[in-house]
Amino acid sequence: MPSVKETLRNKNIALGGWCQIGHPAVAEIQAQSGMQWLALDCEHGEASEADIGDFCRATIGGGAEPFVRVRANETLDIRRALDLGATGVIVPLVNNASDAKRAVAAAKYPPKGIRGFAFQRGNCWGRDFDAYAATDDTRCVIVMIESREAVENIAAILDVEGVDGVFIGPYDMSGSYGIVGQTSSPIIVEACAKVAQACLKHGKAAGQHIVTPTPENIAAAKRQGYTFIALGMDTYFLANGVRTALEMFNG
Ligand code: 3PY
Ligand code: MG
């Protein structure tokens, strides 16, 4: 199977899963079920930095690529996620080109960036040091567009070299437009369409999280040209499965 990076470069859909529960079994199950990539949510989930290594082991063991949504656009959060074996980072709250440059710099080795060299899990604890250091470009930097400011600056953000694509955060975006939680309001729909169109124009991947998948929202995401798609979420699948079984039981 091509890597996520190659899939996105070829303008194909890279379908992934979302892990808010830190336990590696949750990643293993989603990976074994056929997801191409999984993201460990260190911003809003239960996972912490100490969970990243085992998340990467379980995800790769299950046949998927490990991504980390880092806690914040902080150099060390991005460096640690990659060092622990993530092949991509999803960076929250990128509002302008300078935020995007900061995220890319953290993810790239000099001279392109400021990532520190070391023996670490990502390079098999040093065994593959040279090969790993020479392949920065195989790893993804996805920036989150989740504010009005980011929508207004979308062209400048996409112009930043090293940004592979964007991932829309509809909830934060709704908050920044003063309509908290109204993610299907025409204002947010229009903002998302603007972002998706800008991605198509710049040849970069447009991403979104279909938190509660339905035939309609899946069809809409495909139609609108999104290629970096997270489908569902561990917590949602679990709660939904429990509710469905209870309904079946209770008639
Ligand atoms: C948001 O909607 O703001 C998110 O970050 C979703 O993951
Ligand atoms: Mg958010």
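The model shown is predicted, which means the values in this text are computed figures rather than measured ones. Remember, it's 1-based here, ligands and their atoms both numbered in the order they're listed.
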By side chain to side chain contact (heavy atoms under 4.5 Å, CB included), which residues pair with Q224, not counting sequence neighbours?
-> Q208, A220, Y226
Start with the C-alpha distance between F67 and F228, add both sets of side-chain angles, then the distance that settles ring-ring contact (aromatic ring centres under 6.0 Å, His included), and finish with yes or no.
-> CA-CA 12 Å; F67 277 54; F228 183 73; 5.7 Å; yes
Is [Y] paired with [X] through a side-chain N to carboxylate O contact shorter than 4.0 Å?
X	Y	answer
R71	D77	yes
R139	D164	no
E152	R148	yes
R102	E74	yes

Determine whether I188 and Q182 make a side-chain contact, defined as any pair of heavy atoms from C-beta on separated by less than 4.5 Å.
-> no
Can you give me every donor-acceptor pair (side chain of residues 50-62, partner residue at least two apart or in another chain, under 3.5 Å) with its distance?
from, atom 1, to, atom 2, distance (Å)
D51, OD2, S48, N, 2.7
D51, OD2, S48, OG, 3.4
D54, OD1, R57, NH1, 2.7
T59, OG1, F55, O, 2.7

Any donor-acceptor N/O pair, K204 side chain to A198 backbone, under 3.5 Å | no
Heavy-atom cut-off of under 4.0 Å around ligand 1: list whichever protein residues fall inside it, by chain and number.
-> R69, M144, E146, G169, P170, Y171, D172
Among protein atoms, how many N/O/S atoms lie less than 2.8 Å from the Mg ion (ligand 2)?
-> 2
